[in-house]
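Along the sequence shown, residues carry numbers from 1. Read the numbers this way: they start at 1 and go in the same order the structure lists the ligands and their atoms.
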Amino acid sequence: MDKKRKRSRSPEKTSTERRDKKRYRVEAITPPALDINNYQLVKKLGEGSFGKVMLASYAIKKQHVALKIIEKEKEMSHKEIKTEAAILRLGRLCPFLIRAYATFQTESLVLYVMEYARGGTLHQLIKQKGYFRSHEVRFYSAEIVVGLQFLQEYGVVHRDLEPENILLNKEGHVKIADFGLACVHEFKGSKAYNGISGASGYMAPEVLANTAYNASADWWSFGVVVYEMATGKLPFSPDGTSKKQLETIMNREPYYPERVRPELCDFIKQLLKKDVKQRLGVCANVQDHPFLSSVNWRNVKKLRLEPPLKPRIVSAKLNLAMALSIPPELT
Ligand SMILES: Nc1ncnc2c1ncn2[C@@H]1O[C@H](COP(=O)(O)OP(=O)(O)OP(=O)(O)O)[C@@H](O)[C@H]1O
């Protein structure tokens, strides 16, 4: 029988020699994707609370990537960074999530190398169009639903779903991004989270009230996104403190313009239920709502639906003014 043997350490080598050899070996096998010198920064794509997202060119494959650069000294904790990196790695399993090609760090920065979504954000598309027609809302809703349900299967609550974090690829398919505030639980969403987290105007009442919540919060935010696609506006005012926003939500009902079709109105109303237990996504599967009854989910998952709107492709030309704001460590 072929037995595995443990390799013995050579006794004549000093521990310093062994360490040096190990260090040399580690340096020698650093994959090119984890070497900062292989990325040339092109321009800034966006900036959030924790750092910048830059368009970069990956020299080895001559490919454009989005590089998220987080300064370690900013408030993001080690746990949050690890969570975001882990979810970005999940992205390769679902076509509607931004995926990471690599994640690495320097002394002061954490870097995520992500696929570059060239079609801009859903926010830009809504601003450009004013509002979407029913079939357009249905297309984006279906792709977001598959993305959200995939996250929930892995116990992930996004907690920051808004049109600025819903990106589009060059064909116009959805790519959910920004998992910086996401929570993961191994017991598939059964856990409740706390903490007021998310963008003003998109946070669920249970989040604003600082009570326990889970995936219900993402379904509410999704309801706000659907309302915004259908009307071009937010259903509730995002102004004021969390307490004020909560009061507005609890005391008011959104206005639905007449042109919004009844099934779409009902879809939004079911998602924007103030009582968590009655909310669509919590009490019933979103896919079963009549507004989505004509959707062929198998085709959605296989990216077979034709995007109804062509996004404006963002130019990938070097922008020197933006390049000047690159952290010195990366220039
Ligand atoms: N993969 C990508 N491809 C193209 N653009 C991107 C990509 N990732 C992010 N962006 C752009 O950068 C912006 C900010 O990205 P992101 O939301 O991930 O950063 P953040 O620092 O976590 O922001 P926030 O403070 O909103 O949480 C996005 O709104 C988008 O415009």
Side-chain angles (χ1 to χ4, degrees), residues 33 39 41-58 63-77 79-92 94-103 109-128 143-144 147 151 156-183 195-203 207 217-218 221 224-225 228 238 311-317 319 322 325-327:
Y39 296 93
L41 300 182
V42 179
K43 65 171 186 175
K44 188 161 80 177
L45 291 171
E47 183 152 12
S49 3
F50 300 111
K52 293 183 177 58
V53 180
M54 305 289 302
L55 173 63
S57 169
Y58 176 46
Q63 175 193 22
H64 278 120
V65 294
L67 202 59
K68 186 160 175 172
I69 304 165
I70 298 165
E71 290 165 47
K72 285 184 184 169
E73 66 190 29
K74 295 258 167 93
E75 271 170 48
M76 214 168 170
S77 71
K79 187 166 169 263
E80 283 166 335
I81 289 172
K82 274 182 80 176
T83 304
E84 183 166 18
I87 300 169
L88 279 167
R89 280 196 292 272
L90 270 184
R92 80 196 141 83
C94 175
F96 305 116
L97 304 182
I98 280 288
R99 63 173 289 193
Y101 299 125
T103 55
L109 304 168
V110 173
L111 297 111
Y112 305 142
V113 184
M114 304 178 287
E115 67 177 300
Y116 169 42
R118 272 167 213 269
T121 66
L122 188 64
H123 171 77
Q124 289 163 342
L125 200 60
I126 297 172
K127 286 279 156 291
Q128 195 183 308
E143 294 200 337
I144 299 168
L151 286 175
V156 178
V157 182
H158 187 290
R159 302 207 304 172
D160 197 13
L161 194 74
E162 55 160 327
E164 297 230 33
N165 290 334
I166 299 170
L167 309 183
L168 302 166
N169 70 6
K170 68 175 190 308
E171 289 85 26
H173 289 285
V174 160
K175 292 276 174 183
I176 300 175
D178 193 2
F179 305 104
L181 295 178
C183 285
I196 303 181
S197 166
S200 287
Y202 298 87
M203 279 182 274
V207 177
D218 282 350
S221 307
V224 176
V225 173
E228 207 176 342
R312 272 194 203 143
I313 301 304
V314 181
S315 157
K317 289 214 184 101
N319 179 332
M322 294 290 190
S325 61
I326 295 168

When you look for heavy atoms under 4.0 Å from ligand 1, do you find them on the side chain of [X], its backbone, both, or neither?
X      : answer
Asp160 : side chain
Asn165 : side chain
Leu181 : neither
Ala117 : both

Answer whether the closest heavy-atom distance between the side chains of [X] and [Y] falls below 4.5 Å.
X      : Y      : answer
Leu122 : Val174 : no
Met114 : Val53  : yes
Leu109 : Glu71  : yes
Ile144 : Ile176 : yes
Arg312 : Gln124 : no

Starting from [atom], find the nearest protein heavy-atom neighbour and note its residue, name and distance.
atom                    : value
atom 21 (O) of ligand 1 : Gly48 CA, 3.1 Å
atom 29 (O) of ligand 1 : Glu164 O, 3.0 Å
atom 26 (O) of ligand 1 : Asp178 OD2, 3.6 Å
atom 15 (O) of ligand 1 : Val53 CG2, 3.4 Å
atom 25 (O) of ligand 1 : Ser49 OG, 2.5 Å
atom 1 (N) of ligand 1  : Glu115 O, 2.8 Å

For ligand 1 and [X], I'd like to know whether there is a polar contact (N/O to N/O, distance under 3.5 Å).
X     : value
Glu47 : no
Ile98 : no
Lys68 : yes

Which ligand 1 atoms does [X] reach within 4.0 Å, using its non-hydrogen atoms?
X      : value
Thr121 : 31 (O)
Met114 : 1 (N), 8 (N)
Ala66  : 1 (N), 2 (C), 3 (N)
Gly46  : 12 (O), 13 (C)

Contacts of Asp218 meeting salt bridge (charged side-chain N to carboxylate O under 4.0 Å, His left out) (sequence neighbours excluded), chain-then-number -> none
Can you measure from [atom1] ([X]) to [atom2] ([Y]) and round to the nearest 0.5 angstrom?
X      : Y      : atom1 : atom2 : result
Ile87  : Ile98  : CD1   : CD1   : 13.5 Å
Leu111 : Leu67  : CG    : CG    : 5.0 Å
Glu162 : Met203 : CD    : CE    : 10.0 Å

Those residues at least two apart in sequence (or on a different chain) that pass side chain to side chain contact (heavy atoms under 4.5 Å, CB included) with Lys170 are Arg118, Ile313
- Query: Yes or no on side chain to side chain contact (heavy atoms under 4.5 Å, CB included) for Glu84 and Asp178, after CA distance, side-chain angles and deciding distance?
  - Reply: CA-CA 8 Å; Glu84 183 166 18; Asp178 193 2; 4.0 Å; yes
* Asked: Which is closest to atom 7 (C) of ligand 1 in terms of heavy atoms, Leu167, Leu88, Val65, Leu45?
  ->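 The nearest heavy atom belongs to Leu167.
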